[in-house]
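What follows is a single structure, written as structure tokens, with notes after it.
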Amino acid sequence: MPYTGLLVRDSLQDQGIVPSPGYPYTSPDIICVQQNTYANPAAVFGTTQSYASDPNQAVVAQQNNNFYVRARNLGTAAQGGAMYVYWSKASLLLTPNLWFNQPMTALLNKQPQNYVMLPSVPAGQIAVGAIPFNWTPPTISANDHFCLIGAVNTVPPYNWPPAQAPTFSSSDQFVLWVRNNQNICWRNLSLVTNPSAPQWDRLDSFANPWPTPMPMLVGVQCQNIPVGTTVQILCTALGINTAVVTTTPNQTIYSSGVTCPSGFNGQVETMARLQGGSWPTGAMLTTTVYVGMQASSPAAHLAHRFGEFEQHPSVVATKQLVRKATGASVNGVLVAIGNTATAYQPTA
């Protein structure tokens, strides 16, 4: 059944397909403008040209930041809705318990509220909130970052917010919830404005809150990363330590496959160290966690297609871990369950 509500995108490639094929969580529809405000934000962010771009600026630490929101009407009649935005420390598994009780607020007539109204717009048009959300990030360590989650209350059954944070008894349930709800978007992209720093280092939390061990694989996608850069994936507690010197600007790197025990709560570290020079504009590192599931699992149809890497030793070994753990007769599948990214954005 096609989605007919207000679409808030996970990435510029997101067209509202249900279920979502699993885009990078780089939503261009939660827009940080730092301390700026606009008398007519629809004229700035509601144009076709703006909608085809990501106008975000880097979040400024320890200062108020303003965030405008927008959504596209995928229905056949005019509609609007209420948009909610939440924040969390960076995580590769953004279950609602991490962010549901951490809403941003907006000021309407000098009174704080935890939503911004998106005006009713005709089918196919873009609705932009008239006022911004306001948020001062809490102090965190230098290697930590933040993730943002947006949810829009639009046509039934896409009602938001629920009375309490949604819970899930398995990774299958969580993946299906994320992929089937196009009224929810995710922005797990940190913008770096210092091109001279020779090393990026990002810490992302990761947990297995479910009762069974979970085979998993971590991948890092390089985009416009200088050749000769050392990229490392590290999680000592799970036995992950993969370091590769890049030979192409858009290289993909995979960790070894491991089994994450039930109750695990730790961090995955992604590091990149330049051989020399500086980061080019558009340089980006995206870290993705893939979890193993049986081929008969409810979410197995969302298995990631690794293309030329389908026979990569780590990909094959992680699928074999699923078979061994479950006693199945065939290898399992790998489904992307979360990602975060770091990108270089030059200062104006």
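For clarity, every value in this text was computed on a predicted model and none was experimentally measured.
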Are side-chain heavy atoms of [X] and [Y] found at a separation under 4.5 Å?
X	Y	answer
V8	I184	no
Q63	P137	no
F174	L93	yes
N188	T26	no
L191	Q57	no
S88	F100	no
L285	W200	yes
L92	T287	yes

Sequence-distant partners of [X], ring-ring contact (aromatic ring centres under 6.0 Å, His included), two or more places apart:
X	answer
F45	Y38, Y68
W87	W135, F146
F264	none

All salt bridge (charged side-chain N to carboxylate O under 4.0 Å, His left out) counterparts of R202, not counting sequence neighbours:
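Partners of R202 by the salt bridge (charged side-chain N to carboxylate O under 4.0 Å, His left out) criterion, ordered by chain and then number, come out as D204.
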
For D54, what residues pass the salt bridge (charged side-chain N to carboxylate O under 4.0 Å, His left out) criterion, not counting sequence neighbours?
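Checked D54 against salt bridge (charged side-chain N to carboxylate O under 4.0 Å, His left out); matches are R187.
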
State the [atom1]-[atom2] distance between [X] and [Y], to the nearest 0.5 angstrom.
X	Y	atom1	atom2	result
D29	M83	CG	CE	7.0 Å
Y84	N153	OH	CG	5.5 Å
Q113	T105	CD	OG1	9.0 Å
L203	S91	CG	OG	12.0 Å
T288	H304	OG1	NE2	7.5 Å

Please check if the side chain of [X] supplies one atom and the backbone of [Y] the other of a donor-acceptor pair under 3.5 Å.
X	Y	value
Q111	L107	no
Q79	T4	yes
N73	G75	yes
D10	W186	yes
S205	A90	yes
W279	M284	no

Side-chain donor-acceptor pair under 3.5 Å between [X] and [Y], yes or no?
X	Y	answer
Q275	T229	no
Q232	N241	yes
Q49	T47	no
N134	N66	yes
N331	Q320	no
T95	N97	yes

Of the non-hydrogen atoms in [X] and [Y], which two are nearest, and what is the gap between them?
X	Y	value
S171	I337	CB-CD1, 4.0 Å
I31	P55	CG2-CG, 3.8 Å
S53	L12	O-CD2, 3.6 Å
N181	W177	ND2-O, 2.6 Å
V244	I253	CG2-CG2, 3.8 Å
S20	Q182	CB-NE2, 3.6 Å

Test side chain to side chain contact (heavy atoms under 4.5 Å, CB included) applied to [X] - qualifying residues, sequence neighbours left out:
X	value
N250	Q221, Q223
N40	A42, A43
P280	N224, P226, A283

Could you walk me through whether T246 and Q251 satisfy the side-chain contact (heavy atoms from CB on, under 4.5 Å) test, starting with their C-alpha distance in whole Å, then the side-chain angles of each, then the deciding distance to 0.1 Å, before giving a yes or no?
CA-CA 7 Å; T246 60; Q251 194 163 338; 3.6 Å; yes

Can you pull the side chain to side chain donor-acceptor pair (under 3.5 Å) pairs that have at least one residue in residues 254-267, sequence neighbours excluded?
none

Any salt bridge (Lys or Arg N to Asp or Glu O under 4.0 Å) involving residues 309-329? Give me the pairs, sequence neighbours left out, ordered by first then second residue.
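Pairs touching residues 309-329 that pass the test: E310-K319.
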
Contact list for residues 120-134, test salt bridge (Lys or Arg N to Asp or Glu O under 4.0 Å), sequence neighbours left out:
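Qualifying pairs, neighbours excluded: none.
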
Take R70 and L118 through the test side-chain contact (heavy atoms from CB on, under 4.5 Å) and record every step on the way to the result.
CA-CA 7 Å; R70 62 186 176 185; L118 295 173; 5.6 Å; no

Only pairs under 3.5 Å count here: list side-chain donor-acceptor contacts from residues 291-300, not counting sequence neighbours, and write none if there are none.
unit_1, atom_1, unit_2, atom_2, d
S297, OG, Q294, N, 3.2
S297, OG, Q294, O, 3.0

May I ask whether [X] and [Y] are part of the same hydrophobic cluster, defined by side-chain heavy atoms of I, L, V, M, F, W, Y residues being less than 4.5 angstrom apart, directly or through others?
X	Y	result
I225	M271	no
I240	L334	no
V335	V268	yes
V85	L189	no
F206	L234	no

Please step through side-chain contact (heavy atoms from CB on, under 4.5 Å) for the pair L302 and V175, ending with a clear verdict.
CA-CA 9 Å; L302 299 172; V175 167; 3.7 Å; yes

Do the ring centers of W99 and Y86 come within less than 6.0 Å of each other?
yes

Please confirm whether the ring centroid of F67 lies under 6.0 Å from the ring centroid of F133.
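No, the ring centres sit 6.0 Å or more apart.
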
Given I131 and L108, is the side-chain contact (heavy atoms from CB on, under 4.5 Å) satisfied, shown in steps?
CA-CA 8 Å; I131 59 175; L108 181 63; 4.1 Å; yes

Could you tell me whether R9 sits above the aromatic face of Y23, with NZ or CZ closer than 6.0 angstrom to the six-membered ring centre and within 45 degrees of the axis?
no

Q35 atom CD: more than 12 heavy-atom contacts under 6.0 Å:
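For Q35, atom CD is crowded (more than 12 foreign heavy atoms under 6.0 Å).
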
